[in-house]
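First the structure, in the form of structure tokens, and then the observations on it.
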2 protein chains.
Amino acid sequence: MPTDPGFATTPEPPYWVVIFTSRRSGEDHEGYARMAEAMAALAPKQPGYLGIESTRDPEGLGITLSYWSSEQAIHDWKRVAAHAEAQRLGHSRWYTEFVTRVARVERAYTKATSEQAGL
Amino acid sequence: MPTDPGFATTPEPPYWVVIFTSRRSGEDHEGYARMAEAMAALAPKQPGYLGIESTRDPEGLGITLSYWSSEQAIHDWKRVAAHAEAQRLGHSRWYTEFVTRVARVERAYTKATSEQAGL
């Protein structure tokens with residue numbers, strides 16, 4: 001796995017990913033930044049957490065990928081009280097639009113492993 | 001599904017997603033932009049293409065999600081000649097680091113459907 005801190009260090013598949021695509025409303029920048037930081041600190045304490053990758057462009061379109069060892073781990077994280085509050089505020093205040101997808105990762109390769117495979 | 005053009009209009013799961021996390025090298029901005037545009041025009045002509053979502057932050061960390069109806073469709077797109085050339089240049093020139101993950105989407109909900117579900 002890459003050493004670049006923007007990348008998650010995930011194990012061999014299979015594992016699970018929550019894909020969160022969102023458009024920021026532009027409202028409440030401070031509250032949003034504070035919550036994002038709190039969630040980034042809390043998630044790694046959850047059982048089954050594997051890592052996170054997140055990026056947002058200057059037009060406010062963002063994609064966050066959180067990786068989990070099982071569907072149960074995703075289910076449990078969704079119900080953590082502080083996270084439920086973050087979801088509620090995300091819905092009412094921070095995002096004009098979002099889609100959440102839950103998917104099972106079947107295969108993964110890095111720049112280094114695709115070199116080994118001759119790709 | 002959202003009408004925001006940054007979001008893909010995907011069908012009911014299950015379907016497949018290629019998750020491409022990458023760090024741009026900063027080299028060859030023009031060549032990269034030209035190829036990205038060409039691939040964005042070519043992919044929708046492939047059988048099984050469902051849509052794309054893509055974002056990159058000012059530090060060059062990007063996530064691109066391409067959605068497909070089947071694993072076979074992903075396999076076929078990977079081998080389209082123009083796309084293989086894009087992958088080769090991505091590897092040698094445009095990205096300092098990347099990870100590609102292939103995953104099966106099992107569940108999805110939008111801002112609107114999560115409202116209906118009382119979430």
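Numbers restart at 1 for each chain; the letters A, B, ... are given by sequence-line order, proteins then strands.
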* To do: Answer yes if A/Tyr15 and A/Ile63 sit in the same cluster of Ile, Leu, Val, Met, Phe, Trp and Tyr residues linked by side chain heavy atoms under 4.5 Å apart, and no otherwise.
  => yes

* Structure fact -> Scored by heavy-atom pairs under 4.5 Å with chain B, the best of A/Thr21, A/Thr3, A/Thr64 is A/Thr21

* Interatomic spacing from OG1 in B/Thr96 to CG in A/Asp4 - rounded to 0.5 Å -> 6.0 Å

* Check whether A/Glu59 gets within reach of chain B through its side chain, its backbone, both or neither, counting any heavy atom under 4.5 Å. => neither

* Can you get from A/Val105 to B/Val105 by hopping between Ile, Leu, Val, Met, Phe, Trp and Tyr side chains that sit under 4.5 Å apart? -> yes

* Of the backbone (N, CA, C, O) and the side chain (C-beta and beyond), which part of B/Tyr67 lies under 4.5 Å from a heavy atom of chain A, both, or neither? -> side chain

* Stepwise side chain to side chain contact (heavy atoms under 4.5 Å, CB included) test for A/Ile19 and B/Leu65 -> CA-CA 9 Å; A/Ile19 302 168; B/Leu65 307 167; 3.4 Å; yes

* Flag, side chain of A/Thr55 to backbone of B/Leu61, donor-acceptor distance under 3.5 Å -> yes

* Asked: Would a hydrophobic clustering, with Ile, Leu, Val, Met, Phe, Trp and Tyr connected at side-chain separations under 4.5 Å, put A/Val102 with A/Ile52?
  -> yes

* Asked: Are A/Val99 and A/Val18 connected in the hydrophobic side-chain network, where two residues link if heavy atoms are under 4.5 Å apart?
  -> no

* Any link between A/Trp77 and A/Leu50 through a network of hydrophobic side chains (Ile, Leu, Val, Met, Phe, Trp, Tyr) touching at under 4.5 Å? -> no

* Could you tell me which portion of A/Val17 (side chain, backbone, both or neither) has an atom closer than 4.5 angstrom to a non-hydrogen atom of chain B? => side chain

* **Euclidean distance, B/Arg104 CZ relative to A/Arg107 CZ, rounded to 0.5 Å** => 13.0 Å

* Could you go step by step and tell me if A/Arg56 and B/Asp57 meet the salt bridge (Lys or Arg N to Asp or Glu O under 4.0 Å) rule? -> CA-CA 5 Å; A/Arg56 187 173 302 280; B/Asp57 71 18; over 6 Å; no

* **Heavy-atom donor-acceptor pair, B/Lys111 side chain to A/Tyr95 backbone, under 3.5 Å** => yes

* **Toward chain A, the part of B/Phe7 with a non-hydrogen atom under 4.5 Å** => side chain

* Asked: For the salt bridge (charged side-chain N to carboxylate O under 4.0 Å, His left out) test, which of A/Glu53, A/Glu106, A/Glu12 pairs with B/Arg101?
  -> A/Glu53

